[in-house]
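Because the structure is a prediction, the values reported are computed rather than measured.
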Amino acid sequence: MKHWIVMFRPETYEAAQEHGLMGALYRMRRRFSAIEEGDKFVAYISRKRILDAHGEVTGDAFHEVSNTPEGWGFYTERAPIRFDQTGAGVDARELLWGLTVASEGIKTTPTNLIFCKGGFMEIPEDDYVWLGDVLAGKTPATPVRDG
């Protein structure tokens, strides 16, 4: 099982919840095919710059050329998902600097890195657990983790 941060645009986030899908551009198909049933994800909402949800991938990635959900014509690489929690609305501007990848000396912001990786980035299980605790209100949303 892998763990991911998945970037949703505000205008596609509601449809993702309604249809139980996440998607990526065709040019990201090789990377996106690494997403498999049973993987866990945290949802990052671009432009709002919040972490809002977490869930699980419920099937393997697949290719589909359609505009369903509406506006998803460019997101031909898709995977079925289930949201286990939504509505957290945690400000991610500073929070994402607490990710392991940020402590490894990235040369951009964490959000730009996620964007450059096609809107989805694999993260270590420890980061996933930490972000899940933040979303659940079990630990403060600080960029530095203890442990």
In terms of heavy-atom contacts, G59 and A79 come closest through O-CB, 4.3 Å
When every non-hydrogen atom of A43 is compared with those of F83, the smallest separation belongs to CB-CE2, 4.3 Å
Let me have the donor-acceptor pairs involving side chains of residues 21-30, under 3.5 Å, with sequence neighbours excluded, atom names and distances please.
residue: Y26; atom: OH; partner: R29; partner atom: NE; Å: 3.4
residue: R29; atom: NH1; partner: Y26; partner atom: O; Å: 3.1

So if you build clusters from Ile, Leu, Val, Met, Phe, Trp, Tyr with side-chain heavy-atom gaps below 4.5 Å, do [X] and [Y] land together?
X	Y	answer
V42	I81	no
V6	I123	no
I45	L95	no
V129	F41	no

Could you work out, with side chain to side chain donor-acceptor pair (under 3.5 Å) as the rule, every residue matching [X], not counting sequence neighbours?
X	answer
S66	E64, R78
H54	Q85
T68	none
Y13	D52

In chain order, what residues pass the side-chain contact (heavy atoms from CB on, under 4.5 Å) check against A92, with sequence neighbours excluded?
Y44, L51, L96
Please identify each residue that fulfils side-chain contact (heavy atoms from CB on, under 4.5 Å) with L113, with sequence neighbours left out.
V101, I106, T108, K117, M121
From [atom1] ([X]) to [atom2] ([Y]), nearest 0.5 Å:
X	Y	atom1	atom2	answer
T111	M7	OG1	CE	6.0 Å
N67	T76	CG	OG1	11.5 Å
E18	T12	CD	OG1	12.5 Å
E14	H19	CD	NE2	9.5 Å

Counting C-beta onward and ignoring hydrogens, is there a side-chain heavy-atom pair between V90 and I50 closer than 4.5 Å?
no
Within-4.5 Å side-chain heavy-atom neighbours: Y128 and I5
no
Measure from the side-chain N and O atoms of T58 to the backbone N and O of P80, and report whether any donor-acceptor pair falls under 3.5 Å.
yes
Atom [atom1] of residue position [X] - does it have more than 12 heavy atoms of other residues, nucleotides or ligands inside 6.0 Å?
X	atom1	value
E70	CD	no
R31	CZ	yes
F115	CZ	no
F74	CZ	no

Contacts of R82 meeting salt bridge (Lys or Arg N to Asp or Glu O under 4.0 Å) (sequence neighbours excluded), chain-then-number -> E56, D84
Report the residues that fulfil salt bridge (Lys or Arg N to Asp or Glu O under 4.0 Å) with D133, sequence neighbours left out, ordered by chain and then residue number.
none
Kindly assign one of parallel, tilted or perpendicular to the pair F32 and F120, based on the angle between their ring planes and the thresholds 30° and 60°.
perpendicular
What residue pairs, at least two apart or across chains, pass side-chain hydrogen bond (donor to acceptor under 3.5 Å, both in side chains) with a residue in residues 1-11?
K2-E36, W4-D39, R9-E11, R9-Y75, E11-R47
